[in-house]
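Here the structure is laid out as structure tokens; the discussion comes afterwards.
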Amino acid sequence: MSNSNKFQHALIVITHPDTQSLSHQIAQHISHDLTGKGVSVEIADLYKEGFQAVMTLSDIEAYRGRQALDAEVQFEQARFDRADIVYFIFPVYWWSVPAFLKGWFERVFSQDWAYKYDEQGNLLGTLKNIPVKLIGTATGTQSGYDRHGYTQAIHKQIVEGIFAYCGIDDVQTSMLFKADFIQADDLKVFFEELDQTVLSQSQINTNA
């Protein structure tokens with residue numbers, strides 16, 4: 001989907017237990033910007049909603065084709081299907097997404113919905129190819145992440161290993177570094193960067 005496309009509905013997925021956290025502040029900033037442009041916004045606050053992030057026997061049985069997916073998983077998939085653009089906002093834990101969000105991917109991005117295999121065993125990503133924005137808050141510095149390979153690791157694990165695997169190739173990653181020591185002026189600068197690099201793409205769909 002190119003920058004010229006216009007969006008009607010956005011999904012914001014937040015993975016942070018503290019409603020006063022930077023993750024929630026970023027989500028509020030994005031939601032306010034989108035609604036101001038006439039884009040409807042659905043917020044999935046996974047902690048507040050009590051999403052079960054651990055794979056269950058029921059999930060395994062559904063993977064084996066022996067039963068239907070749990071209603072909770074189907075609900076999350078329907079949220080994703082409704083969206084024209086999706087934002088994932090999270091703190092970086094040990095150089096990756098939190099276990100809670102990883103569990104969401106494991107349960108929600110299920111076989112036959114997010115991906116499948118043809119009769120020859122070839123992988124087919126089956127998610128609709130919409131823009132995905134990953135926005136993380138990190139304690140370290142960008143130079144440190146780049147030097148130690150953490151930036152590339154996140155790209156390999158998440159951008160390629162999850163989204164590209166499932167057929168989505170329009171993924172943008174934005175990181176707020178030194179998040180534990182952020183000052184109001186620095187946060188304002190980060191919001192301005194989001195406005196220019198991420199939210200500038202989120203326009204009103206005049207055909208809605």
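The analysis underlying the following values was restricted to heavy atoms, covering all of them including side chains, and did not include hydrogens, waters or symmetry mates. Residue numbers count from 1 along this sequence.
Across all non-hydrogen atoms, the minimal contact from Tyr115 to Cys166 is CD2-SG, 4.3 Å. Closest of all the heavy-atom pairs between Ala62 and Ala68 is CB-O, 4.0 Å. The heavy-atom pair separating Pro131 from Asp84 by the smallest distance is CD-O, 3.3 Å. Looking at every heavy atom in both residues, Tyr150 comes nearest to Gly144 through CD1-O, 4.3 Å. The two residues Ala179 and Thr137 come nearest to each other via the heavy atoms CB-CB, 3.8 Å.
Surrounding CD of Gln120 are more than 12 heavy atoms belonging to other residues, nucleotides or ligands, all under 6.0 Å away. Within 6.0 Å of the NE2 atom in His32, the count of heavy atoms belonging to other residues, nucleotides or ligands does not exceed 12. Dense packing is recorded around CG of Asn122, with more than 12 heavy atoms of other residues, nucleotides or ligands lying under 6.0 Å away. Counting non-hydrogen atoms of other residues, nucleotides and ligands closer than 6.0 Å to OH of Tyr63 gives a total of 12 or fewer. Atom NZ of Lys128 has more than 12 heavy atoms from other residues, nucleotides or ligands within 6.0 Å. More than 12 heavy-atom neighbours from other residues, nucleotides or ligands sit within 6.0 angstrom of CD on Glu192.
Applying side chain to side chain contact (heavy atoms under 4.5 Å, CB included) to Val171 and the options Val132, Ile162, Ile158 leaves one that passes, Val132. A side chain to side chain contact (heavy atoms under 4.5 Å, CB included) with Lys133 holds for exactly one of Ile85, Ile12, Val86; it is Ile85.
Under the 4.5 Å side-chain heavy-atom criterion for ILVMFWY residues, no single connected hydrophobic cluster contains both Tyr93 and Phe105. Linking Ile, Leu, Val, Met, Phe, Trp and Tyr residues whenever their side-chain heavy atoms come within less than 4.5 Å places Phe88 and Trp94 in a single cluster. The hydrophobic clustering, which links ILVMFWY residues whose side-chain heavy atoms are closer than 4.5 Å, places Trp95 and Phe100 together. With hydrophobic clusters built from ILVMFWY side chains whose heavy atoms lie under 4.5 angstrom apart, Leu22 shares a cluster with Leu194. Taken together through direct or relayed side-chain contacts under 4.5 Å among Ile, Leu, Val, Met, Phe, Trp and Tyr, Val159 and Val13 form part of one hydrophobic cluster.
A donor-acceptor pair under 3.5 Å is formed between the side chain of Ser40 and the backbone N or O of Gln8. With Asp59 contributing its side chain and Thr56 its backbone, the two residues share a donor-acceptor pair below 3.5 Å. Asp169 places no side-chain N or O within donor-acceptor distance of the main-chain N or O of Ala164, the cut-off being under 3.5 Å. Distance alone, capped at 3.5 Å, is enough to place a donor-acceptor pair between the Thr126 side chain and the Trp113 backbone. Here the side chain of Ser23 pairs no donor or acceptor atom with the backbone of His16 at under 3.5 angstrom. With hydrogens and angles ignored, the 3.5 Å screen pairs a side-chain donor or acceptor of Gln52 with a backbone N or O of Val54.
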Expected list for residues 24-31: side-chain donor-acceptor pairs under 3.5 angstrom, two or more places apart:
unit_1: His24; atom_1: ND1; unit_2: Asp18; atom_2: O; d: 3.0
unit_1: His24; atom_1: ND1; unit_2: Ser21; atom_2: OG; d: 3.1
unit_1: His24; atom_1: NE2; unit_2: Asp45; atom_2: OD2; d: 3.2
unit_1: Gln25; atom_1: NE2; unit_2: Gln20; atom_2: O; d: 3.3
unit_1: His29; atom_1: NE2; unit_2: Asp195; atom_2: OD1; d: 2.8

_Glu193/Ser174 under side-chain hydrogen bond (donor to acceptor under 3.5 Å, both in side chains): CA gap, chis, key distance, verdict_ = CA-CA 9 Å; Glu193 291 174 354; Ser174 302; over 6 Å; no

*Evaluate the criterion side chain to side chain contact (heavy atoms under 4.5 Å, CB included) for residue pair Phe163 and Asp170; output intermediate values, then yes/no.*
CA-CA 9 Å; Phe163 291 105; Asp170 186 357; over 6 Å; no

*asked:* Could you go through Tyr165 and Leu123, starting from their C-alpha distance and side-chain angles, then the distance that decides it, and tell me whether this counts as side chain to side chain contact (heavy atoms under 4.5 Å, CB included)?
replied: CA-CA 8 Å; Tyr165 190 93; Leu123 171 69; 3.5 Å; yes

*Step by step, work out the side chain to side chain contact (heavy atoms under 4.5 Å, CB included) result for Thr139 and Phe177.*
CA-CA 6 Å; Thr139 301; Phe177 293 103; over 6 Å; no

_Steps toward side chain to side chain contact (heavy atoms under 4.5 Å, CB included) verdict (Phe80, Leu127)_ = CA-CA 9 Å; Phe80 195 94; Leu127 288 182; 4.3 Å; yes

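Under the 4.5 Å side-chain criterion, counting only non-hydrogen atoms from C-beta, Gln77 is in contact with Ser110. With a 4.5 Å cut-off on side-chain heavy atoms, Tyr47 and Thr15 count as touching. Between Tyr87 and Leu134, the closest side-chain pair of non-hydrogen atoms is not below 4.5 Å.
Ile182 contributes atom CD1, which lies 4.5 Å from atom CG of Leu176 (distance to the nearest 0.5 angstrom). A distance of 4.5 Å separates CD1 of Ile154 from CE of Met175, quoted to the nearest 0.5 Å. Summarising the geometry, atom NZ belonging to Lys102 is positioned 9.5 Å from atom CE belonging to Met55; distances are rounded to the nearest 0.5 Å. The CD atom of Gln152 sits 10.5 Å away from the CD atom of Gln157 when rounded to the nearest 0.5 Å. Taking CG of Leu69 as the reference point, atom CZ of Phe75 lies at 15.0 Å (rounded to 0.5 Å). To the nearest 0.5 Å, atoms CG (Asn129) and CD1 (Ile168) are separated by 6.5 Å.
Looking at Gln142 and Thr151, their side chains never bring a donor and an acceptor atom within 3.5 Å of each other.
Under a 4.0 Å N-O distance rule, the pair Arg107/Asp70 qualifies as a salt bridge. Comment: Arg82 does not engage Glu76 in a salt bridge, judged by the lack of any side-chain N to carboxylate O separation of less than 4.0 angstrom.
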